[in-house]
Amino acid sequence: MGSYAQWNRPFRALGTAMSEASNESSVSVAESAPRREVAEGFAKASVVLKPGKAQPFFGRHPWVLDTAVARVEGEATDGDIVDLVSDKGRFIARGLYNSRSRLRVRLYTWDHGEALDAALIRRRLDSAIELRRELGYDDPRGACRLVFSEADGLSGLVVDRYGEYLAMQATALAIAQRLDKIVAILSELVHPRGVVLREERGAVQMEGMAHEEDRHWGELPGGPVFIDEHGLRYGADLREGHKTGFYLDQRENRRIAADYVGGRRVLDMFCYSGGFALNAARHGGASDVLCVDTSEKALSLARANAELNGIANLHFRVGDAFRTLQELADARERFGVVILDPPKFARSRAAVNDALAAYHHINRLAVNLLEPGGTLVTCSCSGHVLREDFVHMLAGVAQRSTREIQILQQRGASPDHPVSATCLESEYLKCFICRVV
Ligand code: SAH
């Protein structure tokens with residue numbers, strides 16, 4: 001690859017296919033399992049908690065684990081609406097049931113009178129979209145996360161907007177069952193040209209979902225979708241790219257990091273499609289940027305994006321971060337700024353210690369490459385690694401390298417990835433900007 005020229009052709013306008021797709025009926029619980037007369041959106045069964053397990057759910061945490069459940073009263077099939085009740089039979093919340101998942105019930109409303117129906121989904125989608133409008137993330141040529149699961153009151157649904165297209169992930173079986181309805185509502189609210197469904201492999205397995213290859217509604221993008229961010233243009237591959245095509249969560253961090261570049265030499269380690277590097281060059285006046293990634297495909301995206309923006313002082317190197325950082329140190333290379341944005345190192349709580357050791361390792365090597373007074377931009381997207389753990393890891397790096405590390409900014413994901421105060425699992429990204437003396 002290396003160029004997007006082949007993809008720069010006019011798109012076929014489409015509206016009818018979207019509205020046809022919109023008219024398809026959803027798999028609603030009431031339609032799929034009419035066992036007992038219950039108003040649409042209300043529960044046919046109750047999930048009763050074990051004694052002493054109710055507190056987090058009165059506290060509006062949306063995940064009911066199998067270990068908290070005593071029994072189901074009435075008949076519930078997977079995807080059905082259920083009421084969550086305490087061991088004393090008191091109503092707590094209403095949610096969607098999945099016997100195949102450890103996450104037995106996901107909660108969507110704590111209001112006894114509120115139906116869990118298409119109108120609720122519409123209100124949540126509307127509110128989520130309104131937030132992005134308020135944030136100024138509604139540039140029609142831009143990209144943003146429109147819906148972020150629990151943080152937008154829609155556990156199991158992620159929707160990203162790339163210009164006129166949407167890329168969607170269903171990480172809950174009950175949401176997957178309702179996708180046609182959700183797409184119909186989204187098409188009324190934001191009129192996308194097309195919607196692409198991206199599968200999250202882990203979720204498919206954990207939720208017992210059917211494997212769905214290449215599902216889409218409306219027009220399928222014929223190549224990368226081009227988007228603007230901070231005056232830079234990128235091609236995002238919605239069908240094959242990482243996540244839904246772009247690391248939208250790093251949007252503000254990419255721009256802020258550039259403010260610390262001050263014309264110096266930059267290392268963008270784990271560069272993917274080059275977002276940090278391009279900002280460092282365009283907005284930070286970097287003398288030159290070395291972009292490293294283990295994936296050839298990622299580097300061709302970064303190269304194509306550099307070309308698209310007419311930026312010539314980016315250099316590319318395929319390699320494993322651990323080895324490349326060591327090789328650069330051995331070659332006595334020095335940088336004014338090192339950016340570390342690795343993939344998720346801890347996939348479970350049990351993996352946290354190993355992950356911290358890996359973070360320590362790369363951060364230690366990165367610090368060794370920094371000139372005195374250099375800037376370290378260091379990230380972790382492992383939700384299981386807490387902010388405090390990350391600071392402790394940095395303290396260890398400072399001690400072992402005998403370099404002072406001054407934390408200047410402790411940042412998170414951009415605000416189109418809000419953190420729910422009652423579901424702290426929605427906080428996962430950490431981005432620390434540090435001066436290394
Ligand atoms: N900073 C990027 C996102 C980085 S995602 C942005 O703003 O868009 C993490 C990247 O790390 C992925 O591109 C992945 O290919 C790469 N990666 C994974 N393991 C790696 C390793 N051991 N060494 C180098 N790169 C690696």
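Indexing begins at 1, ligand by ligand and atom by atom, following the structure's order.
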Quick check on salt bridge (charged side-chain N to carboxylate O under 4.0 Å, His left out): which of Arg251, Arg254, Arg282 does Glu229 satisfy it with?
Arg254
Could you list the atoms of ligand 1 found under 4.0 angstrom from a heavy atom of His242?
12 (C), 13 (O), 14 (C), 15 (O)
Tell me the protein heavy atom at minimum distance from atom 14 (C) of ligand 1, and give that distance in Å.
Asp293 OD1, 3.4 Å
Assess whether a salt bridge exists between Arg435 and Glu404, defined as any Lys/Arg side-chain N lying under 4.0 Å from an Asp/Glu carboxylate O.
no
Are Glu425 and Trp63 close enough that a side-chain donor and a side-chain acceptor fall under 3.5 Å?
no
Tell me whether Arg303 forms a cation-pi arrangement with Phe316, defined as NZ or CZ under 6.0 Å from the six-membered ring centre and within 45 degrees of its axis.
yes
Is it true that, when you exclude His315 itself, more than 12 heavy atoms of the residues, nucleotides or ligands shown sit nearer than 6.0 Å to its NE2?
yes
Answer yes or no: is there an ion pair linking Arg255 with Glu252, defined by an N-O contact shorter than 4.0 Å?
no
Return the closest protein heavy atom for atom 20 (C) of ligand 1 as residue, atom name and distance.
Thr294 CG2, 3.5 Å
Has Arg400 got more than 12 heavy atoms of other residues, nucleotides or ligands less than 6.0 Å from its CZ?
no
One finds that the ligand 1 atoms under 4.0 Å from a non-hydrogen atom of Ser295 are 15 (O)
cation_pi(Arg265, Phe335) dist<6.0 Å, angle<=45:
yes
Closest non-hydrogen protein atom to atom 9 (C) of ligand 1, residue and atom name please, with distance?
Asp341 O, 3.5 Å
Among all the protein's non-hydrogen atoms, which is closest to atom 6 (C) of ligand 1, and how far away is it?
Arg254 NH1, 3.6 Å
Around atom 4 (C) of ligand 1, find the nearest protein heavy atom and jot down its residue, atom name and distance.
Phe270 O, 3.2 Å
Which protein heavy atom lies closest to atom 18 (C) of ligand 1, and at what distance to 0.1 Å?
Pro343 CG, 3.4 Å
Pick from Tyr234, Tyr247, Phe246: the one approaching atom 5 (S) of ligand 1 most closely through a non-hydrogen atom
Tyr247
Side-chain contact test, heavy atoms from C-beta onward, threshold under 4.5 Å: evaluate it for Leu290 versus Leu328 and give yes or no.
yes
Using a 4.0 Å cutoff against the non-hydrogen atoms of Tyr272, which atoms of ligand 1 qualify?
2 (C), 3 (C), 4 (C), 8 (O), 13 (O)
Between Glu327 and Arg317, is there a salt bridge with N-O shorter than 4.0 Å?
yes
Does any N or O atom in Asp268 lie less than 3.5 angstrom from one in ligand 1, N or O only?
no
Counting from 1, what ligand 1 atoms have a heavy atom of Ala321 closer than 4.0 Å?
21 (C), 22 (N), 23 (N), 24 (C)
Provide the closest heavy-atom pair for Arg145 versus Asp416 in the form atom of the first, atom of the second, distance.
N-OD2, 2.9 Å
Check whether any heavy atom of Gly319 sits under 4.0 Å from an atom of ligand 1.
yes
Within a distance under 4.0 Å of any heavy atom of Phe276, pick out the atoms of ligand 1 and give their elements.
1 (N), 7 (O)
Output yes when the distance from some N or O of ligand 1 to some N or O of Ser273 is under 3.5 Å, and no in every other case.
no
Ligand-residue contact atoms, ligand 1 with Asp320, heavy atoms, under 4.0 Å
21 (C), 22 (N), 23 (N)
Side chain, backbone, both or neither: which part of Met269 comes within less than 4.0 Å of ligand 1 when only heavy atoms are counted?
neither
